[in-house]
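Just below is one structure, and these are the notes that go with it.
Each residue takes its place number in the sequence, starting with 1. One-based numbering, in listed order, for ligands and for the atoms of each.
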Amino acid sequence: MPKLFLNSPAKINLFLAVTGRRVDGFHELLSLVLPLVFGDDLEVSPTTDGKDRLHCRDPRVPQGETNLILKAARLFRESVAEAPGFDFRLEKRIPPGGGFGGGSGNAVTALRAMNLILGSPLEHNELEMLAGFLGSDCPLFLHDGPVIVRGRGERVEACPDWASACEGWTILLLDPGFSVSTAWAFRCLAADSNSYTPVDRAEKELEAGMYAFREGNAGPLVRNDLGQILGTKYLIYETLFREIRDLTDVWPGITGSGSGCFFLCRGPEAASSLRPVVDDLLGPGGFLIETDVLNAQFK
Ligand code: C5P
């Protein structure tokens with residue numbers, strides 16, 4: 001059986017509205033998500049002793065039962081009885097706990113790799129179901145391009161023309177150096193039920209935002225309903241975003257439940273004006289990466 005080497009992309013939520021709470025305790029979302037060229041590398045090969053093993057040099061990645069790659073392997077074997085054990089080698093670049101979907105993307109990349117190695121015993125809809133079990137952010141990683149996500153994250157609509165809408169924009173990612181618990185952020189939001197955006201309004205705002213973005217104005221699209229919760233606890237966002245808006249021609253946003261930020265720049269000059277502002281506020285040489293939107297889905 002072959003060994004596979006796959007990229008495991010990061011993502012950003014360009015638009016994230018939380019439209020209500022579900023009976024299962026999760027939240028209803030409406031989000032425009034861009035998978036990115038920047039990501040981790042995952043090498044997957046079958047083992048002969050039936051055991052799964054994960055090798056990763058990054059100490060921030062959990063190695064035991066809680067690791068989503070190992071969970072994905074257990075789940076995959078429940079669906080494909082003849083599946084062997086797998087050896088996973090993860091080269092980590094995506095900062096964990098940053099809202100860049102690193103763990104979720106790794107889990108889905110592992111699912112896809114195991115399935116490919118065994119000659120695709122599972123159909124796309126079966127992979128989608130397994131991805132949904134693994135986490136709300138997982139199903140979107142089965143599409144290799146921009147998507148609109150609804151429900152808890154399990155309803156994914158491909159946006160084939162959206163990657164071309166992003167052409168001409170440079171995206172930079174920032175890891176401010178702390179991680180945020182997703183469950184905590186949603187819990188805080190749930191404490192004030194008035195903070196949900198009615199779903200009809202969110203849909204209209206997404207449509208208007210997408211239109212404005214195509215016209216060159218990212219302002220109406222870049223939005224995150226968890227932003228206020230994050231801004232109240234982590235004061236750096238207000239200062240950082242104010243300075244960036246005052247000093248550069250860049251739109252800042254928070255991805256997922258944070259802590260990661262993204263910056264949309266119209267061209268390379270705007271992108272290069274960002275580094276000095278970030279270095280000044282967070283210290284020199286921090287994690288600030290330039291990347292592009294991944295668009296492999298319809299090639
Ligand atoms: O699904 P995932 O494991 O990524 O979610 C982590 C936590 O974030 C959940 O346990 C839940 O508390 C919260 N969450 C939510 N609504 C969502 C996604 C996540 O309330 N749509």
As a test of reading the model: which residues have a non-hydrogen atom less than 4.0 Å away from ligand 1?
Gly25, Phe26, His27, Leu29, Gly135, Ser136, Arg152, Thr182, Ala183, Phe186
For the residue pair Leu36 and Val293, what are the closest heavy atoms and their distance?
CD2-CA, 4.3 Å
Can you label the angle between the Tyr234 ring and the Phe178 ring as parallel, tilted or perpendicular, going by 30° and 60°?
parallel
Would you check, one step at a time, whether the test side chain to side chain contact (heavy atoms under 4.5 Å, CB included) holds for Phe133 with Cys138?
CA-CA 8 Å; Phe133 274 127; Cys138 289; over 6 Å; no
At their closest point, which heavy atom of Glu28 faces which heavy atom of Gly151, and how far apart are they?
OE1-CA, 3.1 Å
Using the ring pair (Phe, Tyr, Trp, His ring centres under 6.0 Å) rule, collect all pairs that involve residues 85-124, keeping only residues at least two apart or in two chains.
His124-His143
Among Arg57, Lys92, Arg93, Arg89, which residue meets the salt bridge (charged side-chain N to carboxylate O under 4.0 Å, His left out) test with Asp40?
Lys92
